[in-house]
Amino acid sequence: MNTLNPQQLAAVKTTDAPLLVLAGAGSGKTSVITEKIAWLIKQGMPARQIAAVTFTNKAAREMKARVGKLLKGDQTRGLRVSTFHSLGLDIIRRESKILGFQGGLSILDEQDKLSILKELISHASVTFDTDLIDRYSWQIGNWKNGGITPKQAASIQPNSDDEQPLAYAATLYEEYSRQLKAYNAVDFDDLIFLPVLLFSEQPEVLERWQNKIRYLLVDEYQDTNQTQYKLIKQIVGKLGKLTVVGDDDQSIYAWRGAQPENLSLLQNDFPRLKVVKLEQNYRSTRRILRVANHLIANNPHPFEKKLWSDLGEGDQLQIVPCKNDIHEAQQIASEIIHHKFKTGGQYHDYAILYRSNHLSRPIEKALRENNIPYHLSGGTSFFGYTEIKDLLAYFRLFINPDDGSAFIRIVNTPKREIGPATLEKLGSYANNRKISLFDACFELGLKEHLSENAVIKLRRFCEMITDVADRLKRGDTLAVLEDFLSEIHYESWVKENSPNDQASARKIANISELIDWIKRLLEEEKGEEAFEKCLSKILLLDILEQNEDETVTDNVRLMTLHAAKGLEFPNVYLMGIEENILPHQNSIEGDQVEEERRLAYVGITRAQRNLTITYCRQRKRYGELELCEASRFLEELPQEDLDWRNKRTKDPEAQKERSKASIAQLKNMLS
DNA sequence: ACGCCACCTATTTTT
DNA sequence: TAGGTGGCGT
């Protein structure tokens, strides 16, 4: 604790009142949370009564590890450090009887949600409209995040004509909820929503949990949505044993339902609230901070704060206007080569950040051409791969045979000659009798609707599932899973269905990676529910990513501004800082420029020593060359801290170039 | 049941 | 422009 500054220390030691820690970028907020947990335990509070919640598994892991370093192993026993979603899942599991869930429950991802909705819509009387399905899905998620039940949603009157589909959305919400119940399944939003509902309907259950969790710490508080905040308030109750850490200037997830105004709401809900500001930044040069402060000062602030640093003045920011996106990419690549050569640094000291994923294409090309190793964060996730989704569907079915989503996904994968016609009949039979697809396969009445042959095939499939599930319960999970894989000849099926050897090799590698993960996870979990627990960790993506230790491999890091939040790099390149990209066109039109400014702020404050901002005069967009102009945010920076390269107003050559481009653009438009 | 072609669309995505 | 998806034809 002697490494803490006075404000950090105050944040740690304030335990007699609810506390809001306004933690600027790079001000050591994780240290405050971890030190505070250690402090509480040293003050005599049992670790099992303390809970810390984060948004990402990565943050939770890091926090756990850091608390572990501050305390002896047995002192942290029972300490809860988890994401909001796994805390929610934990509550649901422990209260599953009251909530009406059978044994193992399934967690559905966004795609499962969509396919259930699609199925429901196709049976509805309204005409199927693919454009609307995303809106319905979004609406339902919105309702859940706003704490609104299907019943309440139905009573909401659409207030204007263009909200006409709302009425059907409420019906769909109701049907969807019933379907989830029948599947013994929850979606991601339910993981927060169901505990909140339960707590508000059953005070005695809430009281039990309030006794379990006597002190709550919340990380990245500005990113909480309405339900998450409600859950916090419920758990904390009147005692107000709460510390939240957040930064309104780094709120960049409002579009996903985050309510940065939850920061201000705290003062109303907890009148005894104390506020501590962490304003010393340990990351960046004074220059970088000054620029960041200057920019963000253009946003309204409910709480004033001013970041400072004593890490030295630092160099000016480089502003590099480029002719087009290709040049921009080449420029950055050669800058990195030169800078690295000059300073003798490592590739992993460099990060290239951009507003949207597609901007990475030209830069990837340039890096490859210059033999610069890079790592791209984001993109298709491991769990997006069909082979992984298929296997996970099997695993879900082992634990929860009622999971209709999983059932439909793999009943005919690999092929078992169970076609859509069979499934359609099975589906309506199950639906009419209000039983699961799985159970329906064993009903005698099914034979009246399906051929004997079809029934035999279905039953054979179900028996296989039951058999594996039984063996899993008896132990040696890994061996059972491996046997199962060879029993269904999954590998040869993958090979047959891959366009080439390369693709099938990738798929098989993915599968063994998944099995490897399960192997590792099983080492931590023992007992009857080990497999179930480890599966839900996988479904909540709570696994170490293979490139978690990026620093080991020496790569330039490429990622979106969103993905960069929480990270820091010695040298940062912000590319595509243009009107309509940052701020994004839709945000300009939707009057959301403030959040875009925060995004720019997040980008700037990632840099420790050097920051280079690039933009283009021309960029290929939707296959056509378009004229671009520098982002308005560049004008909002203190100009004396910027070093412009070939600023175009002073460069006749560039001006000529520019007018040529305008003419080209005009021609384009005319043709 | 699979493969191909044509068409459509293009912001960010912690679980 | 390019990549993903859905529909249709074999």
Side-chain angles (χ1 to χ4, degrees), chain A residues 53-62 82-89 107-114 118 128 130-131 133-134 138 141 144-145 186-193 219-225 227-228 250-258 325 353-362 377-381 383-384 412-421 496-499 536-543 545 559-567 576 580-590 592 595-596 598-600 602-603 619-626:
Chain A
V53 284
T54 63
F55 276 88
T56 65
N57 294 301
K58 197 178 166 200
R61 272 196 301 273
E62 189 186 330
S82 71
T83 62
F84 267 103
H85 290 83
S86 26
L87 174 64
L89 177 62
I107 302 163
L108 305 185
D109 67 14
E110 224 55 35
Q111 263 186 47
D112 295 316
K113 179 183 176 186
L114 281 178
K118 229 177 246 177
F128 181 79
T130 28
D131 286 352
I133 199 148
D134 289 332
W138 177 84
K144 288 189 182 186
N145 288 331
V186 294
D187 65 17
F188 282 139
D189 298 322
D190 284 336
L191 295 175
I192 316 293
F193 177 53
D219 188 25
E220 303 280 15
Y221 175 74
Q222 76 284 348
D223 290 339
T224 51
N225 65 27
T227 354
Q228 283 156 347
Q250 292 187 71
S251 162
I252 55 174
Y253 283 103
W255 52 275
R256 277 197 108 197
D325 44 357
L353 311 181
Y354 36 81
R355 173 66 234 260
S356 35
N357 282 311
H358 72 267
L359 294 174
S360 74
R361 292 200 162 277
S377 304
T380 342
S381 121
F383 296 93
N412 203 30
T413 306
K415 302 284 170 274
R416 295 185 183 86
E417 297 176 293
I418 300 171
E496 279 163 32
N497 287 280
S498 302
S536 55
K537 276 195 172 183
I538 289 175
L539 293 171
L540 293 178
L541 305 178
D542 188 5
I543 46 174
E545 280 188 45
M559 67 189 87
T560 64
L561 289 164
H562 284 90
K565 194 174 87 165
L567 305 177
N580 296 331
I581 293 182
L582 184 74
H584 193 273
Q585 190 170 3
N586 299 356
S587 301
I588 298 172
E589 284 159 13
Q592 319 260 290
E595 179 148 314
E596 299 288 301
R598 291 193 288 267
L599 212 39
V602 166
R619 179 183 295 281
K620 236 182 194 171
R621 230 183 164 190
Y622 311 141
E624 274 184 63
L625 270 187
E626 275 190 13

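We use all heavy atoms of the structure for the numbers below, so side chains are in, but hydrogens, waters and symmetry mates are not.
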### Query
Using Watson-Crick and G-U wobble pairs with both distances under 3.5 Å, what is the 5'-to-3' dot-bracket string of DNA chain B, with [ ] for crossing pairs and | for pairs outside the strand?
||||||||||.....
What are the atom names and distances for every N/O pair under 3.5 Å that joins the protein to nucleotides 8-10 of chain C?
none

Taking only N/O atoms, report every protein-nucleotides 1-3 of chain C pair under 3.5 Å with atom names and distance.
none

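Regarding contacts with the backbone of dA1(B), a side-chain N or O of Asn412(A) is found under 4.0 angstrom from either OP1 or OP2. Listed pair Thr560(A) / dT13(B) meets the phosphate criterion, a side-chain N or O lying under 4.0 Å from OP1 or OP2. A close approach under 4.0 Å does occur between a side-chain nitrogen or oxygen of Asn357(A) and OP1 or OP2 of dT13(B).
With sequence neighbours left out, Trp255(A) forms a ring-ring contact (aromatic ring centres under 6.0 Å, His included) with Tyr253(A), His562(A). In this structure Gln111(A) satisfies the side-chain hydrogen bond (donor to acceptor under 3.5 Å, both in side chains) test together with Lys389(A), sequence neighbours excluded. Scanning for side-chain contact (heavy atoms from CB on, under 4.5 Å) contacts around Ala563(A) gives Met559(A), Thr560(A), with sequence neighbours left out. Qualifying side-chain hydrogen bond (donor to acceptor under 3.5 Å, both in side chains) partners for Thr56(A), counting only residues two or more places apart in sequence or in other chains: none. Residues meeting the side-chain hydrogen bond (donor to acceptor under 3.5 Å, both in side chains) test with Gln228(A), sequence neighbours left out: none. Thr224(A) is linked by a side-chain hydrogen bond (donor to acceptor under 3.5 Å, both in side chains) to Asn262(A), counting only residues two or more places apart in sequence or in another chain. Scored by the side-chain contact (heavy atoms from CB on, under 4.5 Å) test, Ser587(A) finds Arg355(A), His584(A), Gln592(A), Glu596(A) as partners (sequence neighbours excluded). With sequence neighbours excluded, the residues satisfying ring-ring contact (aromatic ring centres under 6.0 Å, His included) with Phe84(A) are Phe55(A). Residues satisfying the salt bridge (Lys or Arg N to Asp or Glu O under 4.0 Å) test with Asp325(A), not counting sequence neighbours, are none.
Each of dT15(B), dT12(B), dT14(B) was ranked by its minimum atom distance to the side chain of His562(A); first place goes to dT12(B). The nucleotide whose nearest atom lies closest to any side-chain atom of Thr83(A) is, among dT15(B), dT14(B), dT12(B), dT15(B). Of the candidates dT13(B), dT11(B), dT14(B), the closest approach to any side-chain atom of Ala563(A) belongs to dT13(B).
Asp223(A) pairs in a side chain to side chain donor-acceptor pair (under 3.5 Å) with only one of the listed residues (Gln250(A), Arg256(A), Lys565(A)), which is Lys565(A).
The separation of dG3(C) from dT14(B), taken at their C1' atoms, amounts to 26 Å, rounded to a whole angstrom. Atom name P, nucleotides dT5(C) and dT12(B): the rounded distance is 15 Å, in whole Å.
Among the atoms of the strands shown, base atoms are found under 4.0 Å from some heavy atom of Tyr253(A). Using a 4.0 Å heavy-atom criterion, one finds that Ser356(A) contacts the sugar-phosphate atoms exclusively.
If Ser587(A) and Ile418(A) are placed on DNA chain B by their nearest nucleotide, the residue sitting closer to the 5' end is Ile418(A).
Straight-line distance from the CD1 atom of Ile588(A) to the P atom of dT12(B): 16 Å, rounded to whole Å. Between the C1' atom of dT13(B) and the CG atom of Asp109(A) lies a distance of 13 Å, rounded to the nearest Å. Distance NE2 (His584(A)) to P (dA10(B)): 10 Å, rounded to an integer number of Å. When the C1' atom of dT11(B) is taken as reference, atom NE2 of His358(A) falls 9 Å away, rounded to whole Å. Atom pair Leu114(A):CG and dT5(C):P shows a separation of 12 Å (rounding to whole Å applied). To the nearest angstrom, P of dT15(B) lies 17 Å from CG of Leu108(A). In this entry the distance linking CZ of Phe188(A) with P of dT15(B) reads 8 Å, nearest Å. Going from atom CD1 of Ile107(A) over to atom P of dT14(B) covers 17 Å, rounded to whole Å.
Taking NE2 of His358(A) as the start and OH of Tyr622(A) as the end, the distance is 7.0 Å to the nearest 0.5 Å.
Taking the side chain as every heavy atom from C-beta outward, Lys113(A) and Asp189(A) approach each other to under 4.5 Å. A 4.5 Å side-chain heavy-atom check between Leu89(A) and His85(A) finds every atom pair outside the cut-off.
Stacking here means ring centres nearer than 5.5 Å and ring planes tilted less than 30 degrees, and by that measure Trp255(A) stacks onto dT12(B).
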